[in-house]
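Beneath this line is the structure, given in structure tokens, with notes to follow.
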Amino acid sequence: MASAKSLKKELILTKAFELFCEKGYTDTKIIEIAEAAGIGKGTVYEYFGSKEDIFFDIFDRYVTQHYYKNLQPLLESAGDTKEKILRYVHFEMEFMSAVGNGKNHLSRFMSDHTLFQDGRLCEAIGQFMKFRTKTLHDILAEGILSGEFIQMDPELATAAIAGAINTFLTRNYNLIGPGAQGSLKQPWSAEDLMPILLNGLTAKKETA
């Protein structure tokens with residue numbers, strides 16, 4: 001059973017997350033977080049030294065821990081490397097749907113440049129991106145080694161496919177803002193992307 005202290009900390013984080021999404025990081029004040037949580041401003045400082053500390057905990061909880069905890073079991077389940085790539089893309093889609101652009105989404109206030117003055121956040125984002133890249137690299141390297149994929153440089157393959165997946169996610173979930181690259185008439189699916197990733201663009205010639 002959670003202690004009263006841990007429940008209060010959870011309440012502060014929840015209310016801070018809601019306010020950051022609604023008003024933006026810069027325009028949210030500690031006193032507003034305290035009022036939303038029904039506590040005094042001083043009580044917030046008993047749990048967090050600054051607004052930056054609150055955001056760092058939110059990023060760790062909603063991004064880092066969620067990603068690490070939920071992705072690995074998917075990749076460790078049975079299936080060939082093509083299936084693992086499909087699972088990876090589906091997971092990324094679900095993840096970006098949760099933290100993408102719009103109301104109550106994390107990227108709405110992560111675009112605030114003042115956040116990146118905090119070295120801890122920059123390091124956490126760097127480690128997170130390295131983990132994403134390494135996960136995809138390991139899947140591709142496994143497929144190359146097993147002969148399921150053609151022989152190629154796994155680093156180059158990772159760069160090419162990660163770039164395609166990231167652009168796919170950016171367009172599908174408006175990660176850099178609505179209208180920045182034009183809106184899609186209909187969202188793309190992982191099944192739309194997979195034939196391009198696995199088969200490329202060259203048409204197969206029919207043999208006589």
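Only this structure's heavy atoms are used, side chains among them; waters, hydrogens and symmetry mates stay out.
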Task: Residue pair F131 / Q72, side-chain heavy-atom distance below 4.5 Å - done: yes
Open item on the list: Please check: side-chain N/O of E92 versus main-chain N/O of L169, any donor-acceptor pairing under 3.5 Å?
Closed with: no
Open item on the list: So which atom in L140 and which in I161 form the shortest heavy-atom distance, rounded to 0.1 Å?
Closed with: CD2-CD1, 3.8 Å
Task: Pairwise side-chain contact, L197 with F168, heavy-atom cut-off 4.5 Å (strictly under) - done: no
TODO: Using a cut-off of 6.0 Å, state whether more than 12 heavy atoms not belonging to E76 lie near its atom CD.
DONE: yes
Task: Closest contact, heavy atoms only, I165 versus L136 - done: CD1-CD2, 4.3 Å
- [ ] Drop me the distance from K5's NZ to E10's CD, to the nearest 0.5 angstrom.
- [x] 15.0 Å
TODO: Can you see which heavy atom on I139 is nearest to which on L75, and at what distance?
DONE: CD1-CD2, 3.9 Å
Task: Salt bridge flag under 4.0 Å for residues E18 and K15 - done: yes
Task: Value rounded to 0.5 Å, distance of CG in L19 from OG1 in T14 - done: 11.0 Å
- [ ] Applying side chain to side chain contact (heavy atoms under 4.5 Å, CB included), name anything that partners Y45, two or more places apart in sequence or on another chain.
- [x] I30, K41
Task: Hphob cluster co-occupancy, M194 + I150, side-chain heavy atoms under 4.5 angstrom - done: yes
Open item on the list: My understanding is that only residues two or more places apart in sequence, or in another chain, count here; which of them pass side chain to side chain contact (heavy atoms under 4.5 Å, CB included) with D138?
Closed with: K134
Open item on the list: To check you understand the geometry: which heavy-atom pair defines the closest contact between K51 and Y25, and what is its length?
Closed with: NZ-O, 2.8 Å
Open item on the list: Rounded at 0.5 Å granularity, tell me how far OG1 in T64 sits from NE2 in H66.
Closed with: 11.0 Å
- [ ] For residues F48 and L13, determine if any side-chain heavy atom of one lies less than 4.5 Å from a side-chain heavy atom of the other.
- [x] yes
- [ ] Look up atom OG1 in T170 and atom CE in M96, then write down how far apart they are to the nearest 0.5 Å.
- [x] 7.5 Å
Task: Side chain to side chain, R87 and S77, heavy atoms closer than 4.5 Å - done: yes
Task: Backbone N/O of W188 and side chain of D192: donor-acceptor pair under 3.5 Å - done: no
Open item on the list: Quick check: closest heavy atoms across T28 and K23, and the distance to 0.1 Å?
Closed with: OG1-CB, 3.7 Å
Task: E123 side chain reached by R120 side chain, heavy atoms, under 4.5 Å - done: no
Task: Rounded distance (nearest 0.5 Å) linking atom CZ of F20 with atom CD1 of I54 - done: 5.5 Å
Open item on the list: Would you say I31 ends up clustered with I12 if hydrophobic residues are merged whenever their side chains have heavy atoms under 4.5 Å apart, either directly or through other cluster members?
Closed with: no
Task: Worked verdict on I39 versus Y47 for side-chain contact (heavy atoms from CB on, under 4.5 Å) - done: CA-CA 12 Å; I39 58 178; Y47 292 85; 6.0 Å; no
TODO: Any chance you could pull the hydrophobic cluster mates of I196, using side-chain heavy atoms under 4.5 angstrom and chaining through other members?
DONE: L201
- [ ] State, with a plain yes or no, whether a side-chain heavy atom of K82 is found less than 4.5 Å away from one of L198.
- [x] yes
Open item on the list: Going by the rule side chain to side chain contact (heavy atoms under 4.5 Å, CB included), which residues pair with E142 if we only count those two or more places apart in sequence or in a different chain?
Closed with: T81, K84
TODO: Evaluate the side-chain proximity of F95 to R132: yes if any heavy-atom separation is below 4.5 Å, no if none is.
DONE: no
Open item on the list: For K29, is there any backbone N or O sitting under 3.5 Å from a side-chain donor or acceptor partner on E32?
Closed with: yes
Task: Partners passing side chain to side chain contact (heavy atoms under 4.5 Å, CB included) against E191 (at least two apart in sequence or in another chain) - done: L86, H90, S189
Task: Distance in Å, L193 CG paired with M93 CE, rounded so as to fall on 0.5 Å steps - done: 9.0 Å
Open item on the list: Could you list the cluster mates of L11? Members are the ILVMFWY residues connected by side-chain heavy atoms closer than 4.5 Å, either directly or through other members.
Closed with: none
Open item on the list: Looking at K8 and E46, is there a salt bridge between them, counting it only when a charged N and a carboxylate O are closer than 4.0 Å?
Closed with: no
Task: Exercise: identify the closest heavy-atom pair between V44 and A34 - done: CG2-CB, 3.7 Å
- [ ] Taking T133 for its side chain and K130 for its backbone only, find out whether a donor-acceptor pair lies under 3.5 Å.
- [x] no
Open item on the list: Hydrogens and angles aside, do R171 and N166 bring a side-chain donor and acceptor to less than 3.5 Å of each other?
Closed with: no
